[in-house]
Amino acid sequence: MDSGFVLIAEQTVSISVPFFLAALGGVICERAGVVNIALEGIMLNGAFCQVLVTYWTGNPWLGLLAATAGGVLTVLPHAVASIKFRVNQIVSGLAINLGAVGITKFFLKIVFDSSSNSERIVGISALNIPILSKIPIIREIVSNPLILIAIGLFVVIQIFLFKTKWGLRLRAAGESAEASVSVGINVVKIRYFACLASGVLAGLAGAWLALSQHQFTDGMSGGRGYIALAAVIFGRWKPNGVLIASLIFGFAEALQIGLQSAGIEIPTQFVQMIPYLVTIIVLAGFVGRARPPADDGKPYEPA
Amino acid sequence: MTEHKIKFLKNFVSPASAILGAFLVGSVFIIAIGKNPFYIYGILFSRTLGSSYGFGQVLFKATPLILAALGIAFAFHGGLFNIGANGQIYIGAFACAWAGFTFSRFPGFVLFPVVVLASVLGGGFWGWIAGVLKARRGAHEVITTIMLNFIALALCNWLVSAKYHVPETVHTASVPPSVWLPRFSDISQSFAGSAVNLSFFIALICAVLIWWVLYKSPVGYAIRAQGFNPEAAKTYGIKAPRVSILTMTAAGALSGLVGTNFILGYKHYFEQGFAGGTGFMAIAVALLGRNHPFGIVLAGILFGILDFGGLAINAYVPKELVEILQAIIIIFVIVGESCFDGIVKNLMKKEKAGEKTNG
C-alpha cells in the first residue's frame with residue numbers, strides 16, 4: 001500500500017519533468033542572450049512529432065528523435081529572426097507559439113482525421129532495475145528512461161555552463177555581447193547553438209507529454225511552456241534553481257490532485273495560479289531580486 | 001530618397017509584401033494536401049468580402065482585435081510591451097457582465113454607462129498592476145503581463161464555475177436587454193445572422209481618440225518621447241514611472257472594452273474562455289498596423305477576414321491554415337522591417353557618398 005505521501009511525491013516528479021526540460025532549454029537560451037518564449041510552441045510541435053513518428057514506425061525511440069528534430073525546426077525561425085534579423089524576440093517567440101497551435105491542428109486533421117486527438121501510440125517501456133525498482137519514489141525515477149535522460153542532461157548542462165570555457169563564453173555572450181566579441185568570442189555562433197539546444201530540450205519536454213498520455217491532444221502543451229518560463233525566472237537562470245522551481249510547481253499541482261482525491265476541495269484555479277504568482281513576486285523583488293543576464297533579449301549588432 | 005518615399009515604403013510596401021509572402025508560403029501547405037491555392041484563397045475572400053453578412057462577420061471579428069491592438073500600440077509608443085491584453089480582456093469582460101447582471105434592476109440609461117465603465121475599470125485595473133510593478137519595482141512588463149494573463153484566466157474560470165454560473169453551463173447569467181448593443185442587422189436586413197454590432201463604432205471612436213492623444217496632445221508627446229528616447233525624455237522632466245502606469249492602465253482599459261463586443265453586443269453573458277487568443281493576435285494586428293491607430297483598423301479588418309475566412313474554407317482545408325498564415329505574417333513583418341531598415345540605411349549612405357563626390 002502506498003501512502004498518500006508517496007503518491008504525491010511520485011506525481012510531483014512526473015508533473016515536473018516537462019517543466020524542467022523546457023526550462024533547462026530556456027536557461028541555456030537566455031544565458032546566451034536570446035529570450036525564448038517559444039518554449040510553449042516547441043513543446044507542442046515536439047509532442048506532435050513524437051506521436052507522428054511513433055505512430056508510423058511503432059518505435060518510440062525514433063519518435064523521441066523526431067521530437068528533438070521537430071523542436072529544433074520549430075525554434076529555427078525564432079533563432080534566425082532574433083540573431084540574423086535582430087527582431088523583437090518576444091514577438092517572434094509569440095509567432096512561433098501561434099504557428100505551432102495552427103500547424104499541429106492542421107496536420108492532426110490531415111493525418112488523424114480528428115480535430116481533438118491522435119491515435120494511441122506505444123510508450124517507452126519501463127526499465128527494471130533490481131532492488132531500486134522496488135523502493136517507492138526512487139522507482140518512479142530509475143524505471144523511466146526519460147527521467148534518467150533528464151537527470152543526465154541536467155548534470156551535463158550544469159557542468160558545461162559553469163565548469164567549461166564554452167559555458168563561460170556562452171554566459172559572456174548573454175552578459176555583454178560587445179565585450180565578448182572584443183575578446184574574440186563568436187557571439188552569433190554561440191547564440192545559434194543555444195537556441196537550437198533549447199529546441200532539443202523543449203522538444204523532449206513535448207515528447208514526455210505525448211509519451212505519458214500515449215497520444216497527441218489538441219493544444220496539449222497547455223501553458224506548460226509558460227510555466228517553464230516562470231521556472232527559469234524563479235530559478236534565477238540556473239539549472240539547479242530551475243530544478244527546484246520545477247519541483248515546487250509540480251508539487252503544487254500534485255498536492256492539489258492528491259487533496260482532491262482525498263475529498264478536500266481546493267479550487268484547481270487557485271493552484272494553477274501559484275507558478276505565475278510566485279514569478280511576479282520574485283520578479284518584483286519582494287523576495288530577493290531576480291536579475292536576468294544583462295544582454296538577455298538584446299540583439300547583437302556588429303559595428 | 002525623400003522622407004515621403006521612405007515613409008510610404010515602410011508603412012505600406014513593407015507590410016503588404018509580408019502579407020503577400022505569407023499567402024505564398026500558405027499555398028505550399030495547401031498544395032501539400034493536394035488542393036488548389038487559388039481556389040481556396042478565392043473562397044476565403046469571396047465569402048468574407050462578397051456579402052454584407054460575410055463582411056459583417058469580418059467586422060465582428062475585427063472589433064476586439066482593433067480595441068486590444070490600440071491598447072498594445074499605445075503602451076508600445078511609451079516603450080512598453082503589453083503581452084497582457086488577453087488577461088485584461090477577460091477581467092474587463094467579466095466586470096462588464098457582473099455589473100450587468102448584478103445591477104439588472106437599474107434603468108438602461110443608468111446601467112449602460114455602469115457596465116461600460118465596469119469593463120474599462122476591470123481591464124484598466126489589470127493593466128495598472130503591470131504598470132505599477134514596472135514603475136515601482138522594476139519588474140519587466142513582458143513577463144508580468146504573461147503571468148497576469150494566466151492569473152486572470154484562472155480567476156475568471158473560478159468566478160464563473162464556482163460563483164456565478166448558470167447551472168449546467170459554463171457561463172454567467174445574462175445582462176438585461178436594456179444594455180444590449182444594437183446589431184447592424186437591427187438596422188439593415190442585409191446583415192441578418194451576423195453578430196456585428198455598434199461596438200465596432202466604439203472601436204473606431206477609440207482609434208480616433210488614441211490617434212488624437214498620441215499625436216495631438218501634450219500627454220501623447222510625453223509618451224512618445226519616453227518611448228523614443230528615455231534618457232532625453234528624462235532631461236525634459238518626463239517621469240518614466242508615470243508613463244508606465246498611465247500607458248499600461250490605458251492599454252488595459254482598451255482591452256477591457258472588448259467586453260462590450262462580446263457581452264453587450266453578442267452573447268450577453270460571460271463565457272469561459274470566450275476570447276481564445278484574441279489578445280495575442282492583437283499584438284500581430286498592432287505590429288502590422290505599424291502601431292498607428294488607423295493602420296490598426298486596417299490590420300484588424302485584414303485579420304478579421306482571415307478569422308472568418310478560416311471558417312469559410314474549413315470544408316476544403318483545415319481552418320487552422322489561417323492560424324499558420326497569421327503566424328507567418330508576424331514573422332515576415334518583423335523580419336521585413338529589419339531588412340527594410342538595413343536597405344534604407346545603405347541607400348542613405350550611398351546618396352550621401354554621391355553628394356560628396358558631386359559637391
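These values consider heavy atoms only, across backbone and side chains, with no hydrogens, waters or symmetry-generated copies. Throughout, protein chains are lettered first and strands after them, A, B, ... in sequence-line order, and every chain is numbered starting at 1.
Taking every heavy atom of both residues into account, Arg137(B) and Ala284(A) meet most closely at NE-O, 2.9 Å. Shortest non-hydrogen contact noted between Ala230(A) and Met147(B) is CB-CE, 3.8 Å. In terms of heavy-atom proximity, Ile324(B) sits nearest to Gly102(A) at CG1-C, 3.8 Å. Smallest separation of non-hydrogen atoms from Val87(A) and Ile334(B): CG1-O, 3.5 Å. Contact between Leu94(A) and Phe280(B) at its shortest, heavy atoms only, is CD2-CD2, 3.7 Å. The two atoms that bring Ala154(B) and Gln272(A) nearest to each other are CB-OE1, 4.0 Å, heavy atoms only.
Using a 4.5 Å cut-off between heavy atoms, Phe29(B) contacts chain A through both its backbone and its side chain. Within the 4.5 angstrom heavy-atom criterion, no atom of Lys134(B) approaches chain A. At a 4.5 Å heavy-atom cutoff, Ile227(A) makes no contact with chain B through either its backbone or its side chain. Contact annotation for Leu287(B): only side-chain heavy atoms (C-beta onward) come within less than 4.5 Å of a heavy atom of chain A. Proximity to chain A (any heavy atom under 4.5 Å) is restricted, for Ile83(B), to the side chain, taken from C-beta onward. With a 4.5 angstrom heavy-atom cutoff, Thr279(A) touches chain B only via side-chain atoms. Looking at Ile103(A), both its backbone and its side chain come within 4.5 Å of chain B, counting heavy atoms on both sides. Contact of Val335(B) with chain A is made through backbone and side chain together, with heavy-atom distances under 4.5 Å.
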- [ ] Carefully, step by step, assess Ile110(A) and Glu320(B) under the rule side-chain contact (heavy atoms from CB on, under 4.5 Å).
- [x] CA-CA 11 Å; Ile110(A) 299 294; Glu320(B) 284 70 27; over 6 Å; no
- [ ] Determine, stepwise, if the pair Tyr226(A) / Asn149(B) fulfils side-chain contact (heavy atoms from CB on, under 4.5 Å).
- [x] CA-CA 11 Å; Tyr226(A) 291 105; Asn149(B) 278 338; over 6 Å; no
- [ ] Could you walk me through whether Ile90(A) and Ile283(B) pass the side-chain contact (heavy atoms from CB on, under 4.5 Å) test, one step at a time?
- [x] CA-CA 11 Å; Ile90(A) 304 291; Ile283(B) 296 170; over 6 Å; no
TODO: Test Gln326(B) against Leu98(A) for side-chain contact (heavy atoms from CB on, under 4.5 Å), laying out the working first.
DONE: CA-CA 8 Å; Gln326(B) 286 166 328; Leu98(A) 291 173; 5.9 Å; no
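Between the OH atom in Tyr276(A) and the CD1 atom in Ile143(B) there is a gap of 12.5 Å [rounded to 0.5 Å]. Rounding to the nearest 0.5 Å places CE of Met273(A) at 11.0 Å from CG of Leu148(B). For the atom pair CD1 (Ile30(B)) and CZ (Phe106(A)), the distance works out to 7.5 Å, reported to the nearest 0.5 Å. To the nearest 0.5 Å, atoms NZ (Lys109(A)) and CG (Leu321(B)) are separated by 10.5 Å. Note: Asp296(A) CG to His140(B) NE2 = 9.0 Å, rounded to the nearest 0.5 Å.
Within 6.0 Å of CG in Asn346(B) there are more than 12 heavy atoms belonging to other residues, nucleotides or ligands. Lys238(A) NZ: 12 or fewer foreign heavy atoms inside a 6.0 Å radius. Counted within 6.0 Å of CZ on Phe228(B), heavy atoms from surrounding residues, nucleotides or ligands total 12 or fewer; the atom is thus considered open.
Here Glu323(B) is the residue among Glu323(B), Met281(B), Glu337(B) with the most heavy-atom pairs under 4.5 Å with chain A. No other option in Ser92(A), Ala81(A), Gly99(A) has as many heavy-atom pairs under 4.5 Å with chain B as Ser92(A).
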